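Only a predicted model underlies this, so the values are computations on that prediction, with no experimental measurement involved. Just so we're on the same page: letters track the sequence lines, and every chain starts at 1.
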Amino acid sequence: MIEIHESTGCYAVDALDPPELPAFEAHLADCCSCGHEVAEFYETAAELTVLSASTPPLALRASIVSAVRNTPQLPVARPVSPPAGR
Amino acid sequence: MARSARGDRAAFAQLYDTTSRRVHGVVLRVLRSPEHAEEVTQEVYVEVWQQSARYSPAKGSVLAWMATMAHRRAVDRVRSVSSEVNRDHRYAYESLDPEVDRVWDSVAQRHDVDRVREAMQLLTPIQRQALTMAYFDGMTQSQIADSLKLPLGTVKTRIRDALRRLGETLAGAGP
């Protein structure tokens with residue numbers, strides 16, 4: 001029987017098999033230590049992105065700047081429940 | 001990010017300039033298609049703009065927040081368009097080849113890359129390969145288990161251990 005805590009790493013790098021997601025996310029809502037571990041793993045995974053760094057085409061910058069001109073921003077969410085893991 | 005959340009488009013453009021090589025880079029690596037990578041990168045930045053008021057330092061660093069979003073979108077996209085079965089993953093880590101941008105400070109970039117590469121070298125080969133297959137190839141734990149001929153539980157543990165070890169090393173390594 002694989003312990004659910006063992007899934008934190010796979011979850012943080014989007015490698016959990018999709019059928020396992022609902023159960024793991026439900027667990028994350030209740031388990032502080034898994035929540036902290038996942039948050040740390042997100043930071044670590046973000047550091048990995050230097051290994052694949054690649055400058056996008058200049059046209060993409062213009063396209064994005066233009067796209068946000070017409071995109072409304074969402075307001076700060078009113079806190080009604082503990083933050084979810086995702 | 002706080003200025004972006006208040007609609008400051010110049011601040012948002014600056015955020016793009018400081019993060020886009022890493023965000024676009026991981027999306028491109030997972031998707032392997034420059035065209036799809038541009039589309040998904042745009043989706044990520046538009047979402048960042050929309051959601052910027054929802055970011056708080058309590059959630060972690062801005063880069064981690066963005067990289068997590070980007071990685072998830074890229075993985076969702078790659079799984080919806082390909083079955084992954086034929087890609088050779090044996091040299092997944094060795095084939096990572098970050099492009100040094102000549103315009104920006106290439107010395108600092110090489111230092112950043114070296115620091116992470118050295119940390120990766122401290123992992124066992126299986127930890128390193130499983131993590132690379134998950135993060136950079138967008139594979140599921142089951143696909144990795146099949147490819148490496150390991151039990152599912154072992155793959156989960158290797159990836160968890162890899163991230164813990166890497167996290168410890170990078171935290172201790174300094175700037």
Side-chain angles (χ1 to χ4, degrees), chain A residues 1-21 24 34 36-79 83 85-86, chain B residues 5 7 9 12-13 16-17 20-26 28-29 37-38 41-42 45-46 49-54 59-61 63-64 67-68 71-72 75 96 98-99 101 109 112-113 116-117 131 134-136 138-142 144 152-153 155-157 159-163 166-167 170:
Chain A
M1 185 74 194
I2 301 171
E3 257 214 62
I4 198 159
H5 306 286
E6 283 301 307
S7 294
T8 50
C10 283
Y11 179 76
V13 295
D14 301 305
L16 219 52
D17 290 315
E20 285 184 35
L21 280 170
F24 187 77
C34 282
H36 282 131
E37 190 162 85
V38 166
E40 279 173 12
F41 288 168
Y42 283 154
E43 297 292 334
T44 303
E47 302 242 34
L48 289 176
T49 61
V50 292
L51 297 181
S52 54
S54 167
T55 308
L58 219 48
L60 183 63
R61 187 187 196 274
S63 176
I64 289 171
V65 164
S66 164
V68 304
R69 197 164 285 141
N70 301 315
T71 304
Q73 294 182 295
L74 300 174
V76 178
R78 212 172 297 173
R86 252 213 184 207
Chain B
R9 287 200 298 269
F12 183 73
Y16 176 85
D17 289 336
S20 58
R21 277 176 40 78
R22 289 168 66 157
V23 169
H24 172 259
V26 69
L28 178 60
R29 181 58 166 79
E38 286 171 41
T41 300
Q42 174 149 332
Y45 279 97
V46 169
W49 169 258
Q50 286 176 308
Q51 305 272 356
S52 49
R54 304 236 168 127
K59 293 187 174 181
S61 68
L63 185 68
T68 301
H71 191 265
R72 187 166 304 136
V75 165
L96 286 170
E99 165 213 304
D101 188 315
Q109 283 171 53
D112 285 343
V113 170
V116 176
R117 280 210 187 281
L131 179 60
Y135 195 70
F136 292 105
M139 293 170 76
T140 63
Q141 58 192 12
S142 291
I144 297 168
L152 184 61
V155 169
K156 285 180 190 271
T157 303
I159 289 176
R160 189 182 183 204
D161 288 345
L163 285 163
L166 214 50
L170 293 173

Please enumerate all residues that pass salt bridge (Lys or Arg N to Asp or Glu O under 4.0 Å) together with B/Glu38, with sequence neighbours excluded. none
Segment of B/Leu166 engaging chain A (4.5 angstrom heavy-atom cut-off): both
If only side-chain N and O atoms count, and only distance matters, is there a donor-acceptor pair under 3.5 Å linking B/Ser61 with A/Glu43? yes
Side chain proximity check, A/Leu16 to B/Thr140, heavy atoms < 4.5 angstrom: no
So for B/Ala5, is it side chain, backbone, both, or neither that comes closer than 4.5 Å to the heavy atoms of chain A? backbone
What's the spacing between B/Thr41 OG1 and A/Arg61 CZ if we round to 0.5 Å? 14.5 Å
Under 4.5 Å from any heavy atom of chain A, what part of B/Ala64 do you find: side chain, backbone, both or neither? both
Interatomic distance, OG1@A/Thr55 vs CZ@B/Arg21, rounded to 0.5 Å, equals 4.0 Å
Can you tell me which portion of B/Val113 sits under 4.5 Å from chain A's heavy atoms? Options are side chain, backbone, both or neither. both
Turns out that what part of A/Ala39 lies under 4.5 Å from chain B's heavy atoms comes down to neither
Rounded to the nearest 0.5 angstrom, the CZ-CD distance for B/Arg160 and A/Glu37 is 4.0 Å
For B/Gly167 against A/Thr44, the heavy-atom pair lying closest together: CA-OG1, 3.5 Å
So for A/Glu6, is it side chain, backbone, both, or neither that comes closer than 4.5 Å to the heavy atoms of chain B? both
Just to verify, what does B/Gln42 make a side-chain contact (heavy atoms from CB on, under 4.5 Å) with, not counting sequence neighbours? A/Leu60, A/Ser63, A/Ile64, A/Ala67, B/Val46
Tell me whether A/Gln73 contacts the main-chain N or O of B/Trp49 through its side chain, where contact means a donor paired with an acceptor under 3.5 Å. yes
